Amino acid sequence: MPGVAKFVEPMLLLRTEKLPESADFQYELKFDGYRALAIKSGGKVHLRSRNDKDFNARYPAIVKALAPLQDETVIDGEVVALGPAGKPSFNLLQNHGSSGVPLHFFIFDLLMLKGKDVMNKSLTERRELLEKHIFPKMQEPIRYSAVLEAGLKDLIQSVKAQGLEGLVAKRRDSKYEPGMRSGAWLKMRVNQGQELVIGGYTPSPKNFDALVIGYYDGSNLIYAARTRNGFTPASRAELFKKIKPLEIKECPFANLPEKKAGRWGAGLTAAKMAECLWLKPVLVGQFEFVEWTSDQHLRHSRFVALRDDKKAGAVKRER
């Protein structure tokens, strides 16, 4: 008998600093968006986040566009906001209600088709099923995440030149492994940036001047930088509403205070810590930066947006 479509924990990508250059792998763009599963069961479409949260109310136009899906079908993809130049923007995705930019759902995998579990088929076979049975029924804003037909070196140069986030490499013979980060799927960031935990701030007369951010190493929160870039007056005010209730007395960073301010002044000494207010480390933000310094700090960091699809404890240093 056909099965009933339901939420499956998405297969995860393993971070790497170098993608394999092999015919065994296919390459796709790494989108700067929200991972989501589209599930149609009992005649209704359910769009779910990677943590199984409801996305229907947030992205009703995408849910409506997915109506032609066959019953008892599950597809994997990503909700993406495209800016004026057609480039994915997580910041625009976060503010899509006010920005008015178009949202799209890029499909890249198939888990169940009309009640039949296809996760044990190869990626190549699953993509063929997508192209035959799913994508021909779809219209905007649903799009297909195309395989990039070019050499890896050329792809990296193109992604870097266009300021895109990065690339994904997937083994063509890989099965779909729910919740696993097996290495059959790899991701590489080409332009610098990652998620970081917000653990404190320095106040200003109106709200805050800079955020104090870091990442987890085991159970320890490690200080990485203070950043005051990337905010508008409106976004500062909105973010302050979220961080103010999280104030705590004790510093949550395990490696503070630091002895020296460092070459770029990013070090947080005891004297500078006196200016800080501390936060319960639960909020995660997306940040861009130029590089990691020899002092293990971020140089020229910039806030992009909050990530409510990421758990603080899972945020590690990526490079």
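All of these numbers come straight from a predicted model, not from anything done at the bench. Side chains included, hydrogens not; waters and symmetry mates left out as well; all remaining heavy atoms used.
Separation of atoms NZ (K30) and CD (E165) is listed at 3.5 Å; rounding is to 0.5 Å. Put simply, CD1 on I142 and CG on L69 are 8.0 Å apart, with the number rounded to the nearest 0.5 Å. Here the OG atom belonging to S145 is positioned 10.0 Å from the CZ atom belonging to F135, to the nearest 0.5 angstrom. Once rounded to the nearest 0.5 Å, the distance linking OG1 of T124 with CZ of R172 reads 6.0 Å.
Under the 4.5 Å side-chain heavy-atom criterion for grouping Ile, Leu, Val, Met, Phe, Trp and Tyr, Y27 is connected to F31 within one hydrophobic cluster. A chain of hydrophobic side-chain contacts below 4.5 Å, direct or via other Ile, Leu, Val, Met, Phe, Trp or Tyr residues, connects W292 to L256. V101 and L29 sit in two unconnected hydrophobic clusters of ILVMFWY residues. Membership requires side-chain heavy atoms under 4.5 Å apart, directly or through other members. Note on L111 and V118: separate hydrophobic clusters, where clusters join Ile, Leu, Val, Met, Phe, Trp and Tyr whose side-chain heavy atoms are under 4.5 Å apart, directly or indirectly. V147 and M188 are members of different hydrophobic clusters when ILVMFWY side chains are connected at heavy-atom separations under 4.5 Å.
A salt bridge between R48 and D54 is present, with a side-chain N of the basic residue lying under 4.0 Å from a carboxylate O of the acidic one. The pair D308-K242 does not meet the salt-bridge criterion, since no charged nitrogen lies less than 4.0 angstrom from a carboxylate oxygen. Salt bridge E28/R127: present, at least one basic N to carboxylate O contact under 4.0 Å.
Judged by the 6.0 Å distance and 45° axis criteria, R236 is not positioned over the aromatic ring of F303. Taking the ring centre of F108 as origin, the terminal cationic atom of K170 falls inside the region bounded by 6.0 Å and 45° from the ring axis.
With hydrogens and angles left out, the side-chain atoms of E288 and H300 include no donor and acceptor closer than 3.5 Å.
Pairs engaging residues 70-91 under the salt bridge (charged side-chain N to carboxylate O under 4.0 Å, His left out) rule: R35-D76 [sequence neighbours left out].
Residues passing the side-chain contact (heavy atoms from CB on, under 4.5 Å) test with P178 are V8, M119, Y176, sequence neighbours excluded. Here E247 pairs with K244 under the salt bridge (Lys or Arg N to Asp or Glu O under 4.0 Å) rule; sequence neighbours left out.
Under the 4.5 Å side-chain criterion, counting only non-hydrogen atoms from C-beta, Y223 is in contact with E258. You'll find the side chain of L298 reaches within 4.5 Å of the side chain of L196, heavy atoms only. Side-chain contact between M180 and W185: absent, with no pair of heavy atoms (C-beta onward) separated by less than 4.5 Å.
Closest approach of L211 to I243, counting heavy atoms only: CD2-CD1, 4.3 Å. For the residue pair Y216 and G313, the shortest heavy atom distance occurs at CD1-CA, 3.9 Å. In plain terms, the two heavy atoms of P141 and I62 that are nearest each other are CG-CG1, 4.2 Å.
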**Request:** Dump the intermediate steps for salt bridge (Lys or Arg N to Asp or Glu O under 4.0 Å) on E275 and R226, then the final yes or no.
**Result:** CA-CA 12 Å; E275 304 171 4; R226 285 166 293 154; 5.3 Å; no
**Request:** Start with the C-alpha distance between K40 and L66, add both sets of side-chain angles, then the distance that settles side chain to side chain contact (heavy atoms under 4.5 Å, CB included), and finish with yes or no.
**Result:** CA-CA 9 Å; K40 186 168 185 181; L66 289 166; over 6 Å; no
**Asked** Run the side-chain hydrogen bond (donor to acceptor under 3.5 Å, both in side chains) check on E131 and Y144 step by step: do they pass?
**Response** CA-CA 9 Å; E131 292 171 9; Y144 187 46; 2.9 Å; yes
**Asked** Please walk me through it: do L19 and I156 pass side chain to side chain contact (heavy atoms under 4.5 Å, CB included)?
**Response** CA-CA 10 Å; L19 294 178; I156 291 172; 5.8 Å; no
**Message:** Using the rule given for side chain to side chain contact (heavy atoms under 4.5 Å, CB included), can you reason through Y34 versus Y59, listing the C-alpha separation, both sets of side-chain angles and the distance that settles it, and then say yes or no?
**Reply:** CA-CA 11 Å; Y34 279 137; Y59 307 119; 3.2 Å; yes
**Request:** Quick one: do I134 and L129 satisfy side chain to side chain contact (heavy atoms under 4.5 Å, CB included)? Show the steps, please.
**Result:** CA-CA 7 Å; I134 302 296; L129 290 171; over 6 Å; no
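Panel note: side chain E195, backbone K311; no donor-acceptor pair is recorded below 3.5 Å.
Within a 6.0 Å radius of CD in Q139, other residues, nucleotides and ligands contribute 12 heavy atoms or fewer. In K175, the NZ atom is not crowded: 12 or fewer heavy atoms of neighbouring residues, nucleotides or ligands sit closer than 6.0 Å.
Aromatic pair F231/F208: centroids less than 6.0 angstrom apart.
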